[in-house]
Amino acid sequence: MKRDSRLSGVLHVLLHMAQQPGPFTSETLAKAMDTNPVVIRRIMAGLRDLGYVRSEKGHGGGWTLACDLSKVTLRDVYTALGSPALLAMGNRTEAPGCLVEQAVNAALDQAFGDAEALLLARLGEVTLARLADDLRKRLGTRKHQGIDAHHA
C-alpha cells in the first residue's frame with residue numbers, strides 16, 4: 001500500500017516558504033514536492049481557505065505564508081489536508097458475522113483509536129515555528145560546511 005506523504009510534503013514546502021521571503025510559484029513548489037503544479041494548487045487552495053497562505057496572481061505572483069507560524073500546528077495542517085488516514089492497517093471486514101472476528105475487531109478498534117489519538121495529540125504539540133527553529137539550527141551547523149538545506 002502506498003503511503004500518503006502529503007503532510008510531509010506540505011510541511012516541507014511551508015518551511016521553504018518560511019525560510020525565504022517572496023512568493024513561490026506552484027511550479028517551484030511542485031518541484032520541491034516532486035509532483036504536478038495542479039496538485040500544489042489544489043493543496044495550497046485548501047491552506048489559503050484556512051488563512052495559512054495567500055496567493056497573488058500575475059507576473060511576480062505566487063504563494064506566500066499568511067499565518068503566524070507559532071499558532072499553526074502540524075495537526076492544523078493535517079486537518080487542512082482533509083485528515084487523511086493515519087494508519088494503513090484496518091479490520092478485514094467492518095461488520096463481521098463471525099463472533100471471533102467481532103472480538104478481533106473490538107480489540108483492534110481500541111488499539112487503532114488509541115494510536116490515532118496519541119498521534120493527533122503529538123501533532124497538535126508541534127508548531128510550524130518549532131519546525132522552522134529546528135531547520136535554522138540544522139542550517140547553522142551545516143552552513144560552515146557549505147551545505148544547503150537539501151543536502152546532508
Side-chain angles (χ1 to χ4, degrees), residues 1-91 94 105-152:
M1 172 183 256
K2 187 173 184 328
R3 294 193 294 181
D4 185 333
S5 62
R6 286 179 297 160
L7 178 59
S8 175
V10 168
L11 294 171
H12 181 135
V13 298
L14 291 174
L15 284 181
H16 273 295
M17 293 170 72
Q19 190 181 8
Q20 298 175 357
F24 287 78
T25 65
S26 297
E27 290 73 18
T28 300
L29 296 175
K31 285 179 186 171
M33 280 184 66
D34 193 28
T35 192
N36 189 294
V38 173
V39 173
I40 292 295
R41 284 190 279 277
R42 192 175 309 125
I43 290 171
M44 298 302 275
L47 295 175
R48 180 188 57 215
D49 292 345
L50 295 172
Y52 300 145
V53 297
R54 70 175 66 88
S55 62
E56 302 285 330
K57 293 183 179 184
H59 181 69
W63 299 98
T64 56
L65 288 175
C67 62
D68 179 346
L69 297 182
S70 67
K71 296 192 182 340
V72 179
T73 67
L74 274 58
R75 184 173 181 167
D76 294 331
V77 178
Y78 163 80
T79 301
L81 291 173
S83 303
L86 290 170
L87 302 175
M89 292 189 301
N91 295 323
E94 291 303 317
N105 282 8
L108 289 178
D109 286 344
Q110 180 67 50
F112 294 155
D114 291 348
E116 286 186 357
L118 178 61
L119 181 53
L120 289 173
R122 294 279 166 85
L123 292 176
E125 294 170 0
V126 180
T127 65
L128 293 179
R130 188 160 139 196
L131 287 183
D133 288 343
D134 183 35
L135 173 60
R136 274 191 286 284
K137 287 176 190 169
R138 291 170 187 271
L139 285 172
T141 61
R142 305 278 186 191
K143 217 166 207 149
H144 73 278
Q145 298 172 2
I147 300 172
D148 67 19
H150 273 267
H151 299 90

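Note that these values count all heavy atoms, side chains included, but never hydrogens, waters or copies made by symmetry. What you are looking at is a predicted structure, and each value in this text was computed from that prediction instead of being measured. Along the sequence shown, residues are numbered consecutively beginning with 1.
- Applying the salt bridge (Lys or Arg N to Asp or Glu O under 4.0 Å) test to residues at least two apart or on different chains, the pairs with a partner in residues 5-22 are D4-R6.
- Nearest heavy atoms, L131 versus L74: CD1-CD1, 3.8 Å.
- Between L128 and L15, the shortest heavy-atom distance links the atoms O-CD2, 4.2 Å.
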- In sequence, state the C-alpha distance, the side-chain angles, and the governing distance for M17 and L29, and then conclude on side chain to side chain contact (heavy atoms under 4.5 Å, CB included). CA-CA 9 Å; M17 293 170 72; L29 296 175; 4.3 Å; yes

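- Salt-bridge formation is not detected for the pair R130/D133: no Lys NZ or Arg NE/NH1/NH2 atom is positioned less than 4.0 Å from an Asp or Glu carboxylate oxygen.
- Atoms CG and CZ, on N105 and F112 in that order, are 9.0 Å from each other to the nearest 0.5 Å.
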Residues 50-66 side chain polar contacts: donor-acceptor under 3.5 Å, at least two apart:
{"from": "R54", "atom 1": "NH1", "to": "L65", "atom 2": "O", "distance (Å)": "3.2"}
{"from": "S55", "atom 1": "OG", "to": "R48", "atom 2": "NH1", "distance (Å)": "3.2"}
{"from": "W63", "atom 1": "NE1", "to": "S26", "atom 2": "OG", "distance (Å)": "3.0"}

Please table the atom pairs, donor to acceptor, closer than 3.5 Å between any side-chain atom in residues 35-42 and protein atoms at least two apart or in another chain.
{"from": "N36", "atom 1": "OD1", "to": "V38", "atom 2": "N", "distance (Å)": "2.8"}

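- The environment of CG in D34 is sparse: at most 12 heavy-atom neighbours from other residues, nucleotides or ligands sit within 6.0 Å.
- Between T127 and S70, the closest heavy-atom pair is CG2-O, 3.5 Å.
- Contact annotation: the side chain of R122 approaches that of L118 to within less than 4.5 Å [non-hydrogen atoms, C-beta and beyond].
- Counted by atom type alone, D76 and T73 present one or more donor-acceptor pairs between their side chains at under 3.5 Å.
- To the nearest 0.5 Å, atom OG of residue S83 and atom CD of residue E116 are 10.0 Å apart.
- The shortest side-chain heavy-atom distance between L120 and L86 falls under the 4.5 Å cut-off.
- T28 and T25 share a side-chain donor-acceptor pair at under 3.5 Å.
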